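Throughout, a chain's letter reflects where its sequence line sits, starting with A, and its residues are numbered from 1. Values in this document were obtained by computation on a predicted structure and should not be read as measured data.
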There are 2 protein chains.
Amino acid sequence: MPNPPTIKEIAQRLNLAPSTVSRALHNHPRIGLKTRMQVQALARELQYEPNQTAIFFQQKKTFTLGIVLPELSEAFFSAAISGIEDTANKSNYMVLLGQSHDDTAREQKIVEIMKNHRVDGLLVSLARNTVHYAHFEMLRKYNIPVVFFDRIPDMKDIHYVASNMESGTIQAVSLLLQQGHRVIGMINGPEKLIASRQRTTGYQKAMQQQRLKYDATLNIHSDLTKEGTCQAMQQLLSHKRKITAVVAFNDYVSQDAVQYAAEQGVQINKDICFVSYANLPLSSYMAYPPLASVEQYPYLQGQKATEILLDLLSGKLAPDAYQQVVIDSKLVIAAGK
Amino acid sequence: MPNPPTIKEIAQRLNLAPSTVSRALHNHPRIGLKTRMQVQALARELQYEPNQTAIFFQQKKTFTLGIVLPELSEAFFSAAISGIEDTANKSNYMVLLGQSHDDTAREQKIVEIMKNHRVDGLLVSLARNTVHYAHFEMLRKYNIPVVFFDRIPDMKDIHYVASNMESGTIQAVSLLLQQGHRVIGMINGPEKLIASRQRTTGYQKAMQQQRLKYDATLNIHSDLTKEGTCQAMQQLLSHKRKITAVVAFNDYVSQDAVQYAAEQGVQINKDICFVSYANLPLSSYMAYPPLASVEQYPYLQGQKATEILLDLLSGKLAPDAYQQVVIDSKLVIAAGK
DNA sequence: AAAATTTGCGCAATCGTTTGTCCAGCTGTT
DNA sequence: AACAGCTGGACAAACGATTGCGCAAATTTT
């Protein structure tokens, strides 16, 4: 009921100056052992706890990291945030959350509010349709470092952690080739996305390795909506060459494509096999789980990005020593296959 | 590069007192229109922004809500947090996140840190095995209000929002009865859980309504692990009465049970129908989606809980006017059935 | 025109902690 | 014995904003 004890109170009771108490609590060597003990004893007795808001104010630091990401309901992000949280907590940082719901306007607003709340740094995964980055550039003026992860902007001079879809794609396509598939369709994402381009080059390289020709008409770009996926699948099914395998942009796309194909009378895993990129943890319950999945290590990405941000904050890393970490994706064969 | 402008600076430039500037910015009526305009003009010009940490400190408020929940990767919680975030943001509150990962020790630590960060209030969904609530009781001393949601403690004098599984269960069982099922198995959760007991009474009441006898041996309590589920399903399959339908504790349990039953040669949706409680958003992709699902309105729960907390903070609600909101669950028939 | 009120603004304290500077007393050196 | 060097601690400013109070000038009331 009474106000929580402050340094001043302790000082009064012991006839000391507040400064002395402060230093005593921090084990400052200039304070004699006796007084130090006295102070600490009384602090314990009164259950003294420093007022963090005062400290935040005084130190111009809040020990808070802002996280801006599209959607926690996507398994990738909820895994990533665990990596972020765990790493941040280890260094006594807390995590302020904001979901953009893939809406750029909302993303801007969140960044603004987080800036006002004086977060020490920001971890960001972009909204799908964000193409202008002024709201991030602005943070430089406030000396708030930003580390992007997974969905990173097309900019120079930024810190980021992202996975390279190329390696996983090579492995995926190679697996299919090895299994004898020769006409492999790909349902890819929007062309402007880095991740889409990486899938494309991965596809190309895997073909090259086997001295096979890459057929661009088998690589369909879609907008990742359910309609787009069905349209793409439709195109693949009516392709002059008969496809026997499909690499889908992600598990959601894969499931939509599978469903569509099944409706068209295709025998899944017989006529056509599917390989995809890991998003769903529960694919084992799926009607037609993909044959294999490219793992993108969300937890690791979150962890890495946070480590960079913390190093930036502690000064261990210079703000202009731009960290650009690429994590190779890796093919994981579905259990029991 | 130069330090951000402060009220003092504006005051100096205009030969005013800081207090005047502060009031002018807040449109205090006692400040003349002319000065008010001048101040606001200069503030705009300098791009003045109040230092929130200073305000937090001065006002002893941080406009931050702490969220403690078990697992964001569970769809229920990631939906709930959206409700929380949206509601909090509307009132200019931010959201500090902490996942307990169903570990009580971790839950305690998070609460401690959040208290130190001086969150204004807490929204909590308990870790599975939390049975002592000292770390929440302690918050009373600090006048930090707590609103529990979904996984609520067995305590008096608390605020909470939870869904009542009874109504949904009645509807679920009634649906099955209506479809002609007479021997209905239930894979329930641990007996000590309120949610389990509600499912039981729901089951009983639905039977009663049709003047049917409730058979307790059809209501199996499991520990919600995969093994527990299989064991329970096994028991149901070997029950002396031949069951034709199963009500599973949640979608995860349902899927495990379905898988197990299928392995035992049971024809899903033919020999046995499944009904469950909504957790998974993607059940349409499942091999055997449940016939119907009891919706628990996670977004709404998060929203409601946050509204209560905000009312508590604004004083609109007295701290001891304990709010205990129960949201009726509701059966949703799967699309296309 | 004197009194009362209102208007417009400044003064100073306050929130709790940290930190640079200063000072008194003690110790030890020569 | 005089001076330098430590030791242990006090003083006060500072972080940025808010707010109760006071006071003069301007305005209204009587």
Side-chain angles (χ1 to χ4, degrees), chain A residues 2-43 46-64 92 115-120 142-143, chain B residues 2-43 46-64 92 115-120 142-143:
Chain A
N3 286 349
T6 70
I7 282 198
K8 280 189 194 171
E9 265 186 55
I10 300 187
Q12 274 191 348
R13 297 217 195 191
L14 295 177
N15 271 321
L16 289 173
S19 53
T20 306
V21 174
S22 171
R23 289 193 241 257
L25 289 172
H26 287 78
N27 280 315
H28 192 292
R30 297 290 299 272
I31 303 300
L33 186 60
K34 213 179 58 190
T35 16
R36 219 188 303 175
M37 287 312 172
Q38 268 186 59
V39 169
Q40 298 190 1
L42 183 58
L46 297 183
Q47 301 195 50
Y48 166 78
E49 292 172 40
N51 180 333
Q52 295 286 356
T53 62
I55 297 178
F56 294 163
F57 170 48
Q58 211 268 12
Q59 314 255 299
K60 298 169 182 298
K61 265 199 91 174
T62 58
F63 288 95
T64 304
N92 280 312
K115 182 205 69 193
N116 288 341
H117 265 245
R118 294 290 204 270
V119 295
D120 292 338
Y142 295 89
N143 283 319
Chain B
N3 285 350
T6 71
I7 281 199
K8 280 188 197 170
E9 264 187 55
I10 300 186
Q12 274 191 349
R13 296 217 196 193
L14 296 176
N15 271 322
L16 290 174
S19 52
T20 305
V21 174
S22 171
R23 288 191 243 257
L25 289 172
H26 287 78
N27 280 316
H28 191 294
R30 298 293 296 270
I31 302 301
L33 186 60
K34 212 179 59 190
T35 16
R36 221 187 302 173
M37 287 313 170
Q38 267 186 64
V39 169
Q40 298 190 1
L42 184 57
L46 297 183
Q47 302 194 49
Y48 166 78
E49 293 171 40
N51 181 334
Q52 296 285 357
T53 64
I55 298 177
F56 293 163
F57 170 49
Q58 211 267 12
Q59 315 254 301
K60 298 169 184 301
K61 267 199 89 173
T62 59
F63 288 95
T64 304
N92 280 311
K115 182 206 71 193
N116 288 341
H117 265 246
R118 295 288 203 270
V119 295
D120 293 338
Y142 296 89
N143 283 318

Do the side chain of [X] and the main chain of [Y] share a donor and acceptor less than 3.5 angstrom apart?
X: A/His26; Y: A/His28; result: no
X: A/Thr62; Y: A/Arg118; result: yes
X: B/Arg36; Y: B/Ile31; result: yes

>> Regarding A/Tyr48, tell me which of base, sugar-phosphate or nothing describes its non-hydrogen contacts under 4.0 Å with the strands shown.
In response: sugar-phosphate
How far apart are the closest heavy atoms of [X] and [Y], and which atoms are they?
X: A/His117; Y: B/Phe63; answer: CE1-O, 3.4 Å
X: A/Ile7; Y: A/Tyr48; answer: CG1-OH, 3.2 Å
X: A/Pro18; Y: A/Ala11; answer: N-CB, 3.7 Å
X: B/Ile55; Y: B/Pro50; answer: CD1-CB, 3.7 Å

Length of the [atom1]-[atom2] vector between [X] and [N], whole Å:
X: B/Gln58; N: C/dT14; atom1: CD; atom2: P; value: 12 Å
X: A/Asn51; N: C/dT18; atom1: CG; atom2: P; value: 10 Å
X: B/Gln59; N: D/dC15; atom1: CD; atom2: P; value: 20 Å
X: A/Ile55; N: C/dC15; atom1: CD1; atom2: P; value: 16 Å
X: B/Phe56; N: C/dG16; atom1: CZ; atom2: C1'; value: 17 Å
X: A/Lys61; N: C/dT17; atom1: NZ; atom2: C1'; value: 16 Å
X: A/Gln12; N: D/dC11; atom1: CD; atom2: P; value: 13 Å
X: B/Met37; N: C/dC9; atom1: CE; atom2: P; value: 13 Å

> How bent is the helix from C/dA1-D/dT30 to C/dT30-D/dA1, comparing axes over its five end pairs at each side, to the nearest 10°?
Replying inline: 50°
> Do we see A/Phe57 stacking on the base of C/dT17, given a limit of 5.5 Å between centres and 30° between planes?
Replying inline: no
> Once you round to the nearest 0.5 Å, how far does OG of B/Ser22 lie from CG of B/Leu16?
Replying inline: 12.0 Å
> Quick one: on DNA chain C, does B/Ala54 or B/Thr35 contact a more 5' nucleotide (nearest heavy atom)?
Replying inline: B/Thr35
>> Please compare A/Arg30 and B/Gly32 by the position of their nearest nucleotide in DNA chain C and report the one closer to 5'.
In response: B/Gly32
> Should the heavy atoms of other residues, nucleotides or ligands under 6.0 Å from CD of A/Gln12 be counted, would the total exceed 12?
Replying inline: no
>> Under 4.0 Å, heavy atom to any atom of DNA chain D: which of residues 17-28 of chain A qualify?
In response: A/Ala17, A/Ser19, A/Thr20, A/Arg23
> Is the phosphate of D/dG16, meaning OP1 or OP2, less than 4.0 Å from a side-chain N or O of A/Lys60?
Replying inline: yes
> Does A/Lys8 place a side-chain N or O at less than 4.0 Å from the phosphate oxygens OP1/OP2 of C/dC15?
Replying inline: yes
